Amino acid sequence: MKKIYMDHAGTTPMRKEVLEAMMPYMTERFGNASTIYSLGREAKMALEDSREKVANLIGAEPGEVFFTAGGTESDNWALRGIAEANKDMGNHIITSCIEHHAVLHTCQDLEKQGYRVTYLPVDRYGFVAPEHVKNSITDDTILVSIMHANNEIGTIEPIADIGKIIKRQKRKIYFHTDAVQTVGKIPVKVDELYVDLLSVSSHKIYGPKGIGALYIKKGTKIKPFITGGAQERQKRAGTENIPAIVGFGKACELIEAELEQQYEKLSRLRDRLIRGIMENIPFVHLNGHPTMRLPHNVNVCFEFIEGESLLLNLDMKDICASSGSACTSGSLEPSHVLLAIGLPHEIAHGSLRLTLGMDNTEEDVDFVLEILPGIVNKLREMSPLFAERKEMPKNV
Ligand code: PLP
């Protein structure tokens with residue numbers, strides 16, 4: 001049976017064209033981009049060509065794009081690099097409590113080093129209020145880091161509004177956004193978002209894993225992330241992974257040309273999936289905002305069941321999905337994002353995230369809609385809490 005892959009926020013399959021573009025750089029064009037003979041110059045040209053493709057996708061200058069080992073490294077660099085380079089200006093960082101762990105755990109580490117971090121709450125849809133950002137700024141604030149869209153519930157944050165507030169401050173405060181989930185899904189232009197730093201990851205846009213980029217606006221005071229050779233304009237040392245960089249560049253080029261068409265297709269499939277679930281299964285909550293959400297994201301909580309059991313049962317039907325509930329995240333606590341939007345523990349445990357991709361079809365969606373109610377029913381039949389339920393509330 002064909003696998004139905006609906007975990008594209010987790011990772012995406014690499015495109016054939018991307019692999020084809022990479023292949024020569026893994027074989028005959030193996031040169032080191034720092035060498036001066038033709039093999040090296042060829043690698044250097046491929047490197048700069050890819051930098052331009054990444055820059056085009058996010059509306060940056062190629063000189064403002066720095067290759068990293070992925071979204072996690074980009075987030076680490078943005079936070080640690082700004083904190084360290086600007087500590088003479090202050091020690092306060094503002095972020096939100098629904099960030100990816102690449103940001104949250106880095107902030108926690110910075111707290112241990114003496115920085116002060118404000119973790120802003122979100123409303124029930126997962127929105128960070130620009131007013132909250134404004135009211136949290138102090139004379140010591142050096143950095144604000146708010147994600148562009150949440151990887152679990154898909155809510156798209158008002159980044160441009162927050163960016164404008166930060167720019168209006170008298171002192172320089174840097175603004176970073178983790179755009180790992182938005183680049184290649186919705187238009188992302190650094191100028192329109194008023195950001196100084198922006199994180200991108202290749203494997204979320206059908207490129208290879210272990211490669212990403214950090215946009216660093218010209219004039220930003222940031223510490224190099226890795227010291228060593230002069231690569232990446234002396235900011236991120238180490239011989240460049242040319243095949244991965246070429247693949248990443250190709251993925252950016254392809255997705256840029258298809259952005260509008262993909263947006264239309266994915267949001268249509270997403271809405272069909274959400275409608276089908278909400279209309280056919282009782283005791284369901286839609287997580288995230290109904291419209292201000294990523295075009296490929298569906299996230300729901302089913303009362304009276306555990307997300308992991310649901311995933312295992314879907315896997316038996318060859319459907320790949322994800323859940324923000326306990327075991328999958330490696331902790332006993334349900335997802336910090338679902339708790340932050342105010343869901344009680346018992347409901348947060350029953351979460352299911354389905355994230356669509358370019359190969360998904362209406363038939364895939366209909367197959368999931370055919371299978372899901374039966375699995376949910378079966379699991380609820382085994383739940384003592386379901387047997388004790390009092391009334392049938394309306395879905396929200
Ligand atoms: N930030 C967000 C919002 C993500 O969703 C992810 C990956 O899931 C990352 C950062 C980490 O990216 P990478 O897997 O490239 O390290």
Side-chain angles (χ1 to χ4, degrees), residues 5-14 18 54 57-58 65-81 95-109 119 122 126-128 144-157 159 176-186 188 193 195 197-215 225-226 236 241 244-245 247-249 251-252 255 287-288 293-299 320-324 328-330 335-338 340-341 351 353-357:
Y5 185 77
M6 291 199 183
D7 195 17
H8 292 82
T11 195
T12 55
M14 207 161 75
V18 168
V54 179
L57 182 59
I58 59 170
V65 170
F66 293 80
F67 289 111
T68 64
T72 301
E73 185 183 308
S74 300
D75 287 346
N76 266 264
W77 186 7
L79 271 71
R80 295 178 194 279
T95 189
S96 84
C97 57
I98 60 160
E99 299 295 310
H100 189 273
H101 284 135
V103 167
L104 284 181
H105 289 168
T106 305
C107 283
Q108 285 161 14
D109 192 45
Y119 298 91
V122 292
F127 285 125
V128 174
V144 177
S145 178
I146 306 287
M147 67 198 321
H148 195 188
N150 184 266
N151 46 302
E152 291 188 39
I153 58 174
T155 299
I156 301 171
E157 299 294 341
I159 293 301
H176 166 249
T177 192
D178 175 341
V180 164
Q181 292 291 340
T182 48
V183 168
K185 303 289 175 337
I186 58 173
V188 174
L193 295 175
V195 292
L197 303 117
L198 179 142
S199 302
V200 191
S201 175
S202 149
H203 74 104
K204 310 289 185 184
I205 57 167
Y206 308 91
K209 294 177 178 53
I211 186 78
L214 180 63
Y215 157 76
F225 192 62
I226 300 179
R236 202 274 188 184
N241 184 350
I245 288 172
F248 180 24
C252 288
I255 208 92
N287 300 317
R293 69 189 300 133
L294 290 169
H296 67 320
N297 175 289
V298 177
N299 189 314
C320 309
S322 113
S323 166
T328 30
S329 57
S335 136
H336 64 288
V337 177
L338 298 179
I341 59 172
S351 77
R353 182 185 72 175
L354 296 160
T355 43
L356 301 153

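Note that ligands are numbered from 1 as they come in the structure, with each ligand's atoms numbered from 1 the same way. Keep in mind it's a predicted model, so treat the numbers as computed, not measured. Sequential numbering from 1 along the given sequence is applied to the chain's residues.
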*Examine the side chains of S322 and R353 and answer whether a donor and an acceptor come within less than 3.5 Å of each other.*
yes
*So is H203 polar-close to ligand 1, meaning N/O to N/O under 3.5 Å?*
yes
*Numbering as shown, the atoms of ligand 1 that approach T72 to under 4.0 Å (heavy-atom distance)*: 11 (C), 12 (O), 13 (P), 16 (O)
_Contacting atoms of ligand 1, where contact means under 4.0 angstrom from a heavy atom of Q181_ = 3 (C), 4 (C), 5 (O)
*For ligand 1, which atoms, with element, lie under 4.0 Å from some heavy atom of G70?*
15 (O)
*How would you list, by chain and number, every residue that makes a ring-ring contact (aromatic ring centres under 6.0 Å, His included) with H336, sequence neighbours excluded?*
H101
Pairs under 3.5 angstrom only: tabulate donor-acceptor contacts from the side chains of residues 206-215 to other protein residues two or more places apart or in another chain.
from, atom 1, to, atom 2, distance (Å)
Y206, OH, M358, N, 2.9
K209, NZ, T11, OG1, 3.2

_Beyond-backbone contact of I245 with F67, side-chain heavy atoms, under 4.5 angstrom_ = yes
*Could you tell me whether M147 and ligand 1 have an N or O pair separated by under 3.5 Å?*
no
*Between L193 and H148, is any pair of side-chain heavy atoms under 4.5 Å apart?*
yes
*So which heavy atom in the protein is nearest atom 1 (N) of ligand 1, and how far is it from that ligand atom?*
D178 OD2, 2.6 Å
*Tell me which protein heavy atom sits closest to atom 13 (P) of ligand 1, plus the residue, atom name and distance to 0.1 Å.*
G71 N, 3.5 Å
_Contact between H176 and L79 at the side-chain level, heavy atoms closer than 4.5 Å - yes or no?_
yes
_Starting from atom 4 (C) of ligand 1, what is the nearest protein heavy atom, named by residue and atom, and what distance separates them?_
H100 CD2, 3.3 Å
*asked:* Regarding T355 and H8, do their side chains bring together a donor and an acceptor under 3.5 Å, going by distance alone?
replied: no
*Just heavy atoms, cut-off under 4.0 Å: does D75 contact ligand 1 by side chain, backbone, both, or neither?*
side chain
*Starting from atom 8 (O) of ligand 1, locate the nearest protein heavy atom and write down its residue, its atom name and how far away it is, to 0.1 Å.*
K204 NZ, 2.5 Å
*Would you say the side chains of T68 and S74 form a donor-acceptor pair under 3.5 Å?*
yes
*Those atoms of ligand 1 less than 4.0 Å from some heavy atom in S201*: 13 (P), 15 (O)
